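We count ligands from 1, going down the list as the structure has it; atoms in each ligand are counted the same way. Remember, predicted model here, so these are calculated numbers, not experimental data.
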Amino acid sequence: MIQMYEKLGVSSEVYQYGESVLLELKERFEKVDAVAEFNQAKVLAAMQKNRVGASCFAATTGYGYDDVGRDNLERVYADTFHTESALVRPQITCGTHALTVALSANLLPGDELLSPVGAPYDTLEEVIGIRPSTCSLKEYGVSYRQADLKPDGSIDYDAIRASVNEKTKMATIQRSKGYATRPTFSVKQIGELIAFLKELKPDIICMVDNCYGEFVETIEPSDVGADLVVGSLIKNPGGGLAPIGGYICGKKDYVNRCAYRLSAPGLGQEVGANLGLMPAFYQGFFLAPTVVAGALKGAIFAANLYERLGFHVIPNGTESRHDIIQAVELGSREGMIAFCKGIQMAAPVDSYADPLPWAMPGYESEVIMAAGAFVQGSSIELSADGPIRPPYAVYFQGGLTWYHAKLGILLSLQKLIDAGLTKIG
Ligand SMILES: *Cc1c(COP(=O)(O)O)cnc(C)c1O
């Protein structure tokens with residue numbers, strides 16, 4: 001084993017250091033496996049209930065009328081998330097697009113959107129119009145208000161009460177920390193927040209940005225009152241096989257509006273060919289609970305390994321997990337680059353590439369990304385990224401298998417050691 005790892009660029013010291021960290025993690029990993037087992041059963045039951053058969057895998061083209069596979073996949077998603085309805089489409093190009101559809105379909109001029117959990121994910125700033133942008137919600141007369149989190153990262157209920165007004169139509173609740181160093185919210189915490197919002201305003205539409213959260217727990221935000229849950233298929237629920245796509249699950253009326261926004265008024269869910277992607281969508285969803293478990297083990301391993309070396313990690317080594325993201329504060333631009341070089345070197349695709357910071361569309365700061373993915377930009381595959389700004393945190397996520405995630409983490413440490421930025425023993 002040591003020779004094998006040496007061949008891949010990991011010294012025997014780093015490998016053995018990793019093994020010593022892993023000795024402590026047996027119980028944690030067992031819990032992760034138990035959640036995966038539960039979620040595997042949940043997905044399987046939804047597939048069996050909806051009688052998934054070979055006819056579901058046929059490709060459709062053109063308008064895609066009477067697309068049996070597409071319509072049934074949406075029922076499988078709805079049953080898994082325990083919602084009335086679902087929109088799961090390759091025509092939804094990414095997570096930001098799915099969120100944009102959900103927001104712009106359900107907000108009309110004069111309405112106000114509230115984020116009760118502080119600033120949203122970077123790309124949503126332009127969607128909402130927090131940063132001026134062409135075609136933002138703001139341009140269409142939708143205003144925005146934000147209740148910031150308390151300094152310790154907890155929800156500020158007084159600030160929320162002060163923010164809700166007669167115009168407040170919808171709340172956007174981001175489950176995962178995204179590019180922030182706040183804690184990720186548990187599904188239970190999201191449920192408490194939704195209950196509070198509904199008490200203040202019973203008809204408020206609560207949408208949860210579920211990116212990176214799917215299958216991390218045995219329940220989803222839709223089990224605790226969310227009206228809409230939204231995410232990307234090149235993250236958790238695509239299981240690494242979906243080459244594109246997004247989903248919106250929730251109450252029928254709200255999902256219907258999303259379908260009309262995505263295609264056209266009058267057309268809605270009836271159009272949208274599957275282009276031969278159904279096998280990947282079904283099989284990816286089937287594999288997703290196990291893939292998410294592997295990614296979670298990688299995140300837990302990284303937290304414990306880097307914490308032991310004195311780095312600030314979020315979540316810390318022992319905290320409970322509510323998404324697959326692990327932030328490691330490396331304290332410098334050089335640290336971020338070395339970490340990302342290690343992740344890149346571990347990749348099955350583009351392992352020879354050299355990650356460098358660059359200006360990415362949708363993001364305000366320069367961003368560094370390491371990814372050698374079968375699907376471009378897929379972050380359920382092993383990847384690391386982060387904006388080049390203090391505290392110089394790298395957000396590490398994914399790994400189609402636990403063993404690959406492990407290699408990536410060991411190589412990131414190797415690169416930090418080689419650059420003289422940390423040492424073991
Ligand atoms: C990834 C992500 C998004 C945006 O998804 P893209 O597919 O990158 O457009 C939105 N919110 C959160 C919390 C995310 O992690």
Ring-plane angle category for Phe81 and Phe285, please: parallel below 30°, perpendicular beyond 60°, tilted otherwise. parallel
Pull out every atom of ligand 1 sitting under 4.0 Å from any heavy atom of Cys94, numbered as shown with elements. 7 (O), 9 (O)
Side chain, backbone, both or neither: which part of Lys235 comes within less than 4.0 Å of ligand 1 when only heavy atoms are counted? side chain
Assess whether a salt bridge exists between Arg333 and Glu366, defined as any Lys/Arg side-chain N lying under 4.0 Å from an Asp/Glu carboxylate O. yes
Under the ring pair (Phe, Tyr, Trp, His ring centres under 6.0 Å) test, residues paired with Tyr144 that sit two or more places apart: none
For Leu99, which part has a heavy atom under 4.0 Å from ligand 1: side chain, backbone, both, or neither? side chain
shortest atom 13 (C) of ligand 1-to-protein heavy-atom contact is with Asp209 OD2, 3.4 Å
For Asp385 and Ser383, run side chain to side chain donor-acceptor pair (under 3.5 Å): C-alpha distance rounded to whole Å, both residues' side-chain angles, the deciding distance at 0.1 Å, then the answer. CA-CA 7 Å; Asp385 45 59; Ser383 49; 4.9 Å; no
Criterion side chain to side chain contact (heavy atoms under 4.5 Å, CB included) against Leu73, the qualifying member of Arg89, Met47, Met278: Met278
Could you say whether the N/O atoms of Gly95 and ligand 1 ever approach to under 3.5 Å? yes
Could you find the nearest protein heavy atom to atom 4 (C) of ligand 1 and give me its residue, atom name and distance? Thr96 OG1, 3.3 Å
Once the angle between the rings of Phe196 and Tyr157 is folded into 0 to 90°, is it parallel (under 30°), tilted (30 to 60°) or perpendicular (over 60°)? perpendicular
Just to be sure I read this right, does ligand 1 sit under 4.0 Å from the backbone of Gln174, its side chain, both, or neither, counting only heavy atoms? side chain
One finds that the ligand 1 atoms under 4.0 Å from a non-hydrogen atom of Tyr212 are 15 (O)
Let me check something: any side-chain donor-acceptor pairs from residues 31-42 under 3.5 Å, sequence neighbours excluded? List them with distances.
residue	atom	partner	partner atom	Å
Asp33	OD1	Lys297	NZ	2.9
Asp33	OD2	Lys297	NZ	3.3
Asn39	ND2	Val35	O	3.4
Asn39	ND2	Phe215	O	3.1
Asn39	ND2	Glu217	O	3.1
Gln40	NE2	Phe286	O	3.2
Lys42	NZ	Thr218	O	2.9

Does His97 reach ligand 1 with a nitrogen or oxygen that is under 3.5 Å from one of the ligand's nitrogen or oxygen atoms? no
